[in-house]
**Student:** 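I am attaching a structure below and will ask some questions about it afterwards.
Source: prediction; values computed, not measured.
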Amino acid sequence: MIAELRYYTITPGHTRELFDQFTEVSLPLFAKYGITTHGPWLRRLTKGEQMVYLLEFADEEDRATRWSAFREDPEWKAVVASGEGRIPLIAGSEIVELTR
């Protein structure tokens, strides 16, 4: 099993917008492509906030296949296109890979 523990540092003032997009668009698309998801959670930092969630995959091939399908989905491509030219919701990110 491979898990991705994802930390997204949120652009100040965009917490609700990011969480709404994640729950209304990303979570249903993850489910559509069989990506097991835990979260999201809000992590408050000394300066700022992060959205944290965990994704699970059977192995490297499974992860590559599911991420490819997700990224090619027309609904996801529309979300990406709608954000072009706007202030990004995510100021930075860290992905920690966990295996067992």
**Student:** Strictly under 6.0 Å, is that where the ring centroids of Tyr7 and Tyr53 end up?
**Tutor:** no
**Student:** Check whether Ile10 and Val25 end up in the same hydrophobic cluster, where Ile, Leu, Val, Met, Phe, Trp and Tyr are linked by side-chain heavy atoms less than 4.5 Å apart.
**Tutor:** yes
**Student:** Where the side chain of Ser82 meets the backbone of Val79, is there a donor-acceptor pair that is under 3.5 Å apart?
**Tutor:** yes
**Student:** Test side chain to side chain contact (heavy atoms under 4.5 Å, CB included) on Arg44 and Gln50 and set out the steps.
**Tutor:** CA-CA 6 Å; Arg44 288 189 166 81; Gln50 290 181 321; over 6 Å; no
**Student:** Quick one: CD1 on Ile35 to OG on Ser26, what's the gap to the nearest 0.5 Å?
**Tutor:**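 One finds 10.0 Å between CD1 of Ile35 and OG of Ser26.
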**Student:** Looking at every non-hydrogen atom in both residues, tell me the closest pair between Pro88 and Thr11 and how far apart they are.
**Tutor:**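 Closest heavy-atom pair between Pro88 and Thr11: O-OG1, 2.6 Å.
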**Student:** Go through Phe22 and Met51 one step at a time and tell me if the side chain to side chain contact (heavy atoms under 4.5 Å, CB included) criterion holds.
**Tutor:** CA-CA 10 Å; Phe22 189 82; Met51 181 174 74; 3.6 Å; yes
**Student:** Treat each ILVMFWY residue as a node, draw an edge where side-chain heavy atoms are under 4.5 Å apart, and state whether Val96 and Leu55 are in one component.
**Tutor:**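 No, separate clusters.
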**Student:** What is the distance from atom CD1 of Ile95 to atom OH of Tyr8, rounded to the nearest 0.5 Å?
**Tutor:**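 The distance works out to 5.5 Å.
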**Student:** Please confirm whether the backbone N or O of Phe19 pairs with a side-chain atom of Thr23, one donor and one acceptor, at under 3.5 Å?
**Tutor:**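 A pair under 3.5 Å: yes.
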**Student:** Going hydrophobic residue to hydrophobic residue with side-chain gaps under 4.5 angstrom, can you get from Ile2 over to Val52?
**Tutor:**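 Ile2 does not cluster with Val52.
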**Student:** Is any side-chain heavy atom of Thr37 closer than 4.5 Å to one of Leu27?
**Tutor:**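 In short, these two side chains touch, coming nearer than 4.5 Å.
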**Student:** Report yes or no: does Arg66 contribute a side-chain atom to a donor-acceptor pair with the main-chain N or O of Tyr33 at less than 3.5 Å?
**Tutor:** yes
**Student:** Looking at CZ of Arg16 and CG of Leu42, how far apart are the two atoms once the value is rounded to the nearest 0.5 Å?
**Tutor:** 9.0 Å
**Student:** List for me each residue that meets salt bridge (Lys or Arg N to Asp or Glu O under 4.0 Å) alongside Glu72, sequence neighbours excluded, and say none if there are none.
**Tutor:**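 Here the qualifying residues are Lys77.
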**Student:** Kindly compute the distance separating CG (Leu18) from CD1 (Ile90), expressed to the nearest 0.5 Å.
**Tutor:**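 Between Leu18 CG and Ile90 CD1, I get 5.0 Å after rounding to 0.5 Å.
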**Student:** Could you give all pairs that pass the ring pair (Phe, Tyr, Trp, His ring centres under 6.0 Å) test and reach residues 69-100, with sequence neighbours left out?
**Tutor:** Phe30-Phe70, Trp67-Phe70, Phe70-Trp76
**Student:** Could you tell me whether Glu61 atom CD has more than 12 heavy atoms of other residues or ligands within 6.0 Å of it?
**Tutor:** no
**Student:** Between atom CD of Glu4 and atom OG1 of Thr99, what is the distance when rounded to the nearest 0.5 Å?
**Tutor:** 12.0 Å
**Student:** Using salt bridge (charged side-chain N to carboxylate O under 4.0 Å, His left out), reason through Asp59 and Arg63 one step at a time and then give a plain yes or no.
**Tutor:** CA-CA 6 Å; Asp59 54 36; Arg63 175 168 64 174; over 6 Å; no
**Student:** Under 4.0 Å between a side-chain nitrogen and a carboxylate oxygen: does that hold for Arg6 and Glu94?
**Tutor:** no
**Student:** Quick one: do Glu56 and Met1 satisfy side chain to side chain contact (heavy atoms under 4.5 Å, CB included)? Show the steps, please.
**Tutor:** CA-CA 7 Å; Glu56 291 182 20; Met1 182 190 110; 4.0 Å; yes
**Student:** Say you draw a straight line from CD1 of Ile87 to CD of Glu17; how long is it, rounded to the nearest 0.5 Å?
**Tutor:** 9.5 Å
